[in-house]
Amino acid sequence: MENKVDGLIGRLSQGSLAYMRRLLFRVLSVGPIPNHLAFILDGNRRYARKWKLGEGMGHRAGFLSLMCLMKYCCELGVKYVTIYAFSIDNFRRKPQEVQGVMDLMLEKIEGLLKEESIVNQYGVRVYFIGNLKLLSDPVRLAAEKAMKATSNNNNCALLICVAYTSTDEIFHAAVESCEDKCSEIRSLGRLQNGEIGLEKYGAVSLANVEKHMYMGVAPDPDILVRTSGETRLSNFLLWQTSTCLLYSPEALWPEIGLRHLVWAVLNFQRIHPYVERTRKQL
């Protein structure tokens, strides 16, 4: 009997919190809602040290924070959420740490596809962004499976940047653009005597480069959040963040919560007119 009462109280409490959150989001929706939020997930290891948790437990706590934040973003009407999950530079860490993160990633990718997951409850399409050939075969295949399984979801999108750096993305896009342009010129029979003749037939354009960006599936972010109070971009979305709001709460990533999201949105709404004018001038 006591367990039933506790369960009932728990459900009522959760229902009340969800109702209050919906009211809060309705108030926020009077102003402009960001279309795209990006997050640098900083502080998982520090969180584990702070609470004397075992190795890898900080990343597990961080995943729970991500799922909560993803739910809030879907309810608020944010269409794109991008996270910096694993940098190419992170492969230089201790092998056992890298392997632990890869194992956790594989476990959580499989969890995303479960029927009761946030992804399926809210119709989230999942993208894995980056140089995916650097991943181990099991993780890469799981990522491809997740992208295929969620390809028909269209309520919002979760972009997971793994094996990613912005310089690698820009280099990849530049190479692909040049190769496309050369193929185009060859197909038109305009490659004569080893000279391409870019002045006459056109050089690589900005649109060509952006077409080949890993992040080409989403618009530029409106807000970039880096937790732990750090203000470095760490080679993340350097091309896409020229006009977005930067927000650096002191909270470690596993400590991120609803109040941080609300504060970020309020600040976005405050500067939104200025940002829109700036974007129109570009």
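FYI, the numbering just counts along the sequence from 1.
Counting only heavy atoms from C-beta outward, the side chains of Tyr47 and Leu53 approach each other to under 4.5 Å. Contact of the His172 side chain with the Asn131 side chain is not registered, since no non-hydrogen atoms from C-beta on lie closer than 4.5 Å. Contact of the Cys244 side chain with the Asp220 side chain is not registered, since no non-hydrogen atoms from C-beta on lie closer than 4.5 Å. Inter-residue side-chain proximity for Leu69 and Trp253 is flagged as met; some heavy-atom pair is nearer than 4.5 Å. No side-chain heavy atom of Asn235 sits less than 4.5 Å from a side-chain heavy atom of Ser87. Counting only heavy atoms from C-beta outward, the side chains of Val225 and Pro249 approach each other to under 4.5 Å. For the pair Phe268/Ile223, a side-chain contact is recorded, criterion being any heavy-atom separation below 4.5 Å from C-beta on. Counting heavy atoms from C-beta on, the side chains of Val119 and Val126 come closer than 4.5 Å.
Annotation for His36 and Val81: closest pair CD2-N, 4.4 Å, computed over non-hydrogen atoms. Minimum interatomic distance between Ala142 and Leu106 (heavy atoms only, all atoms of both residues): CB-CD1, 3.6 Å. Of all non-hydrogen atoms in Pro254 and Ser65, the two that sit nearest each other are O-OG, 2.8 Å. Residue Leu28 comes nearest to Ile33 through the heavy atom pair O-CD1, 3.7 Å, listed as atom of the first residue, atom of the second, then distance. The shortest heavy-atom contact between Leu245 and Ala264 is CD2-O, 3.8 Å. Taking every heavy atom of both residues into account, Leu135 and Met102 meet most closely at CD2-SD, 4.1 Å.
Residues that satisfy the ring-ring contact (aromatic ring centres under 6.0 Å, His included) test with Tyr72, not counting sequence neighbours, are absent from this structure. Not counting sequence neighbours, Glu210 has no partner by the salt bridge (Lys or Arg N to Asp or Glu O under 4.0 Å) test. For Asn208, the side-chain hydrogen bond (donor to acceptor under 3.5 Å, both in side chains) test picks out Ser205, with sequence neighbours left out. Residues passing the ring-ring contact (aromatic ring centres under 6.0 Å, His included) test with Phe63: none are found, sequence neighbours excluded. Applying the side chain to side chain contact (heavy atoms under 4.5 Å, CB included) test to Arg49 and every residue at least two apart in sequence or in another chain returns Arg45, Arg46. Partners of Ser136 under the side chain to side chain contact (heavy atoms under 4.5 Å, CB included) rule, at least two apart in sequence or in another chain, are Pro138, Val139. With sequence neighbours left out, Arg92 forms a salt bridge (Lys or Arg N to Asp or Glu O under 4.0 Å) with Asp89. Take Phe91 and apply the ring-ring contact (aromatic ring centres under 6.0 Å, His included) test, not counting sequence neighbours, and it matches Phe86. For Gln96, the side chain to side chain contact (heavy atoms under 4.5 Å, CB included) partners at least two apart in sequence or on another chain are Glu55, Lys94. When the side chain to side chain contact (heavy atoms under 4.5 Å, CB included) test is applied to Leu141, the partners found at least two apart in sequence or on another chain are Glu144. Ser248 pairs by the side-chain hydrogen bond (donor to acceptor under 3.5 Å, both in side chains) definition with nothing, not counting sequence neighbours.
Between Lys108 atom NZ and Leu66 atom CG the span is 10.5 Å, to the nearest 0.5 Å. For the atom pair Ile170 CD1 and Ser177 OG, the distance stands at 11.5 Å (nearest 0.5 Å). With rounding to the nearest 0.5 angstrom, the OH atom of Tyr122 is 5.5 Å from the NZ atom of Lys71. The distance from atom CD of Glu250 to atom CG of Leu252, rounded to the nearest 0.5 Å, is 9.0 Å.
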Next on the checklist: Trp263 vs Asn267, test: side-chain contact (heavy atoms from CB on, under 4.5 Å). Steps then yes/no.
Outcome noted: CA-CA 6 Å; Trp263 186 249; Asn267 275 292; 3.0 Å; yes
Item to check | Test log, rule side-chain contact (heavy atoms from CB on, under 4.5 Å), inputs Leu37 and Thr82 | outcome: CA-CA 6 Å; Leu37 269 65; Thr82 298; over 6 Å; no
Next on the checklist: Applying side-chain contact (heavy atoms from CB on, under 4.5 Å) to Arg125 and Leu158, what does each step give before you reach the verdict?
Outcome noted: CA-CA 6 Å; Arg125 182 169 185 176; Leu158 172 61; over 6 Å; no
Item to check | Evaluation steps, side-chain contact (heavy atoms from CB on, under 4.5 Å), between Met70 and Cys156 | outcome: CA-CA 10 Å; Met70 192 70 216; Cys156 51; 4.0 Å; yes
Checklist entry - After noting the C-alpha distance and the side-chain angles of Asp222 and Lys79, does the key distance pass the salt bridge (charged side-chain N to carboxylate O under 4.0 Å, His left out) rule? => result CA-CA 11 Å; Asp222 297 300; Lys79 292 300 183 182; over 6 Å; no
Next on the checklist: Using the rule given for salt bridge (charged side-chain N to carboxylate O under 4.0 Å, His left out), can you reason through Glu255 versus Lys50, listing the C-alpha separation, both sets of side-chain angles and the distance that settles it, and then say yes or no?
Outcome noted: CA-CA 12 Å; Glu255 299 168 341; Lys50 175 181 176 181; 2.7 Å; yes
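Proximity of a side-chain donor or acceptor of Glu176 to a complementary backbone N or O of His212 within less than 3.5 Å is not detected. When atom types are taken as modelled, the side chain of Asn153 and the backbone of Gly123 share no donor-acceptor pair closer than 3.5 angstrom.
Neither Leu113 nor Val162 shares a network with the other; the hydrophobic side chains, linked directly or stepwise wherever heavy atoms of I, L, V, M, F, W or Y lie under 4.5 Å apart, form separate groups for each. Taken together through direct or relayed side-chain contacts under 4.5 Å among Ile, Leu, Val, Met, Phe, Trp and Tyr, Leu41 and Ile118 form part of one hydrophobic cluster. Cluster membership check: Leu266 shares its hydrophobic cluster with Leu261, using side-chain heavy-atom separations under 4.5 Å among Ile, Leu, Val, Met, Phe, Trp and Tyr. Under the 4.5 Å side-chain heavy-atom criterion for ILVMFWY residues, no single connected hydrophobic cluster contains both Leu104 and Ile83. Cluster annotation: Ile109 is connected to Leu134 through the hydrophobic network of ILVMFWY side chains, with a link wherever side-chain heavy atoms come within less than 4.5 Å.
Using a 4.0 Å cut-off between charged side-chain N and carboxylate O, Arg21 and Glu75 make a salt bridge. Look at Arg93 and Glu97 and you find a salt bridge, because one of the NZ, NE, NH1 or NH2 atoms lies within 4.0 Å of a carboxylate O, short of that distance.
There is no side-chain donor-acceptor pair under 3.5 Å between Thr227 and Asp42.
Taking Ile, Leu, Val, Met, Phe, Trp and Tyr as hydrophobic and joining them when side-chain heavy atoms fall under 4.5 Å apart, one finds Leu238 in a cluster with Ile40, Tyr80, Tyr84, Tyr127, Ile129, Leu159, Tyr164, Tyr214, Met215, Val217, Leu224, Leu233, Phe236, Leu237, Leu246.
Just one of Met105, Gln99, Glu107 meets the side-chain contact (heavy atoms from CB on, under 4.5 Å) condition when paired with Asp103; it is Gln99.
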